[in-house]
Amino acid sequence: MKVVLPDRSELELPDGATGLDAARAIGPKLAEQAVLVRSNGRVQDLRLPLEDGQPVQILTTRDKDDPDALAVLRHSSAHLLAEAVRRLYPGVKIAIGPPIETGFYYDFEFPEPIREEDLPRIEEEIDRELAEGREWRREEVSPAEAKQRFLEENEPYKVELVDTAEGPISFYTQGDFTDLCRGPHLQNSKPIKAVKLTSLAGAYWRGDEHNKQLTRIYGTAFYSKEDLDAYLAKIEDARRRDHRRLGPELDLFHFEEVSPGSALWHPKGMVIWNALEDLRREENARRGYLEVKTPLVWDVELWKRSGHWDNYRENIFQIPYGETLYALKPMNCPGHMLLFNSKLRSYRELPLRFAEAAVLHRDEPTGSLHGLLRARQFSQDDAHVFCTEELVQDEIDAMFDYLGYLYDRLGVRDLAHAELSTRPDKRLGTDADWDHTERILRAAIDRMGMRYRVAEGEGAFYGPKIDFFMDDALGRPWQMGTIQLDGQQPARLGCTYMGSDNREHMPYLIHRALFGTLERFIGILIEHYGGAFPFWIAPVQVRVIPVGADHRVAAEQLRDELAEYRVEVDDRDETVGRRIRDAELEKIPYVIVYGDKESDESLAVRQRGGEQANLPLARLREELATL
RNA sequence: GCCGACGUAGCUCAGCUGGUAGAGCACUUCACUCGUAAUGAAGGGGUCCCCGGUUCGAGUCCGGGCGUCGGCUCCA
């Protein structure tokens, strides 16, 4: 047989040759450093036979930044962790231990709970294993054999995995530790130069909260100590960009214990908020949306009718009032439907686009709160479009266009990745309804030529949706904009319009938020820009620093000259150097130092970051006008 | 909600085995009148998250609660 190497040359091999055989045929050094085989994007264990004619790329320890090569290293590291834990904690039961983007984890059921301070001990044990050295051996076994083995070892989680496993079952053994595993794994532990256990967490078996909660140990591993250090430095940098830290630091917002999950917005934070609100208002008007306002508090009767009560009762804030149970609205749609129903609608009025950025409340689980990114009180740039079936496509296309415009304006288009969510188990409507609405959304996103992932079963109970996600500083994804096609709620709330045939029809309802929630969007903006906002949303755009007391008047005049911008004069009794430093720390885009040498003909302008220039006021105006 | 960690001045943090709190920055005042990332000095500032318990005595030990952080679950 033969395989094709990356340089397109062909390598002749005996039938049944493995990846390792191929590496040996090329050279002993390559064989020694080989980590895994990649073929057409698929990864394969070195110990497995190659296919005739297959293109083959052998990754080595030198591909230390390759995600697949890293995953193999980390997967093997997870096995070392399990071996160490088994030795240190007799009676522990092992579950699963995969690599993840930033490292790996392994889930255990400990006889006695362990604590974070136990991690160093486990880490030492792993280091001992590394010092001794480990080789991985792979074997294939029959399901019955595998099951027998884990029954004997009293490993119920492994038994369950064997029972539900598909395809051939393989074992990997290092030292005296054998694990059920699909692989691939390293040949031996030599390439593992840095392992660090990072945290401890509870995690439900198979991700289901009805199952037992296991103890998950997180760790990470690299092909070099320097890579680990670089990773830790990156985490440190992300910590500096954290909006929960920058928010209070830049005087934008803060939280209070007496209202968890609801931000208190400071004047400077409101500048950013209002910049987004102004943009929203302006564009909504331009794009034919009608601003409306609906109540904050509703009889729960409404939520029962809409279907929300059955699906999200535990997340709705309730207010008992006499005999009646009221609720703070968790969303705007039912209110907008009542508005739609307030008079007999004609097809001539459609599409009808209601927009409202009202305050919403959702009683989110305590453990899920996360600054502005997961809050209990928030405002969506919400809108509900009522339209006929023929109009649905155009409306959705227009929403994509609008979304692209907004994300471009804010400089975050590249951050967004899309997801199409299809029918969930718990849902309203018939399969035919869902076939139809899912098809429409899929066609729309395909028409945009946008890359997206399909999230089966993740749709809303009333319809499929397209969500746009952005990552925070640590790379955790958050749902931002959303477009949802709803063929159910209008029926439940009795929305109809008169068609040209003089008969009543049910409108389609498209729910959409483009920023998502203002809170979350601002949170992501803060982390994305590290607090150094683009000029047009910066809370303070220009700071004027008079060199001495004699220059105060001139500084104030300059501020008044630039009255259309947010300009502050810093005439504190501090050195110029000090005031510049403070302006830099506050991440103000422009600083103008004004002293004896300055005039309208020549201003000393310093940009955020330190770049300096002398230019006349007129030129500065021109420059600012472009931002 | 669940697992683990944490909660001391506005912020960042120190406070050993229990003996009624400390630094830097910030703030106030005074002096300096200043040219592109920290001028100096003095001063004020604490329900040590809350409630209960142990103890002669609790920031410190124990129990409960709240909040925050890292995960899990959830996220219309």
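These numbers were taken from a predicted model, which means no experiment stands behind them. Lettering follows sequence order; numbering is per chain, from 1.
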Sticking with atom [atom1], work out how far [N] lies from [M], rounded to a whole angstrom.
N	M	atom1	value
B:C50	B:G46	C1'	16 Å
B:U39	B:C34	C1'	9 Å
B:A42	B:U47	C1'	29 Å
B:A38	B:C25	P	14 Å
B:G43	B:A9	C1'	15 Å
B:A26	B:C11	C1'	7 Å
B:U28	B:U36	P	25 Å
B:G45	B:C62	P	33 Å

Generate the contact string for nucleotides 63-74 of chain B. Rules: B means base contact, S means sugar-phosphate contact only, - means no protein heavy atom under 4.0 Å.
----SSSBBBBB
Can you identify which nucleotide, out of B:C34, B:A38, B:A76, has its nearest atom closest to the A:Gln479 side chain?
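So the nucleotide nearest the side chain must be B:A76.
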Which nucleotide, in any strand shown, forms a Watson-Crick or G-U wobble pair with [N], with both distances under 3.5 Å?
N	result
B:G57	none
B:U68	B:A5
B:A42	B:U28
B:U47	none

B:A37 P sits how many Å from A:Arg543 CZ, rounded?
15 Å
Atom-to-atom span, CG of A:Asp363 to C1' of B:A76 - whole angstrom
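A:Asp363 atom CG is separated from B:A76 atom C1' by 14 Å.
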Ring centers of [X], [Y] separated by less than 6.0 Å:
X	Y	result
A:Tyr565	A:Phe535	yes
A:Phe108	A:Tyr106	yes
A:Tyr289	A:Phe354	no

Between A:Thr575 and B:U39, does any side-chain N or O lie under 4.0 Å from OP1 or OP2?
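So the side-chain polar atoms of A:Thr575 do come within 4.0 Å of the phosphate oxygens OP1 or OP2 of B:U39, strictly under.
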Are A:Asp582 and A:Arg572 close enough, and set up right, to give a salt bridge (charged side-chain N to carboxylate O under 4.0 Å, His left out), and what steps lead you there?
CA-CA 11 Å; A:Asp582 287 346; A:Arg572 284 177 306 159; 2.8 Å; yes
If you pin A:Ile114 and A:Gly577 to their nearest nucleotides in RNA chain B, which one's is more 5'?
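Looking at RNA chain B, the more 5' nearest nucleotide goes with A:Ile114.
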Residues from residues 583-615 of chain A lying under 4.0 Å of RNA chain B - heavy atoms
A:Glu584, A:Leu585, A:Val593, A:Gly595, A:Asp596, A:Lys597, A:Glu598, A:Ala604, A:Arg606, A:Gln612
Does A:Glu249 reach a base, just sugar-phosphate, or nothing at all? Heavy atoms under 4.0 Å.
nothing
In plain terms, say whether A:Asp208 and A:Arg206 are close enough for a salt bridge, that is, a side-chain N and a carboxylate O under 4.0 Å apart.
no
Salt bridge or not between A:Glu101 and A:Arg476? Use side-chain N to carboxylate O under 4.0 Å.
no
If we ignore angles and hydrogens, is there a donor and acceptor under 3.5 Å between the side chains of A:Trp309 and A:Glu301?
no
Test of understanding: with side-chain contact (heavy atoms from CB on, under 4.5 Å), list the residues that count as partners of A:Val540, not counting sequence neighbours.
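Here the qualifying residues are A:Lys268, A:Glu568, A:Ile588.
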Looking at NZ of A:Lys93 and OG1 of A:Thr215, how far apart are the two atoms once the value is rounded to the nearest 0.5 Å?
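OG1 of A:Thr215 is found 12.5 Å from NZ of A:Lys93.
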Any N/O donor-acceptor pair, A:Arg578 side-chain to B:A38 base, under 3.5 Å
no
Show the numbers, then the answer: is there a ring pair (Phe, Tyr, Trp, His ring centres under 6.0 Å) between A:Phe222 and A:Tyr231?
CA-CA 9 Å; A:Phe222 291 92; A:Tyr231 167 75; 5.6 Å; yes
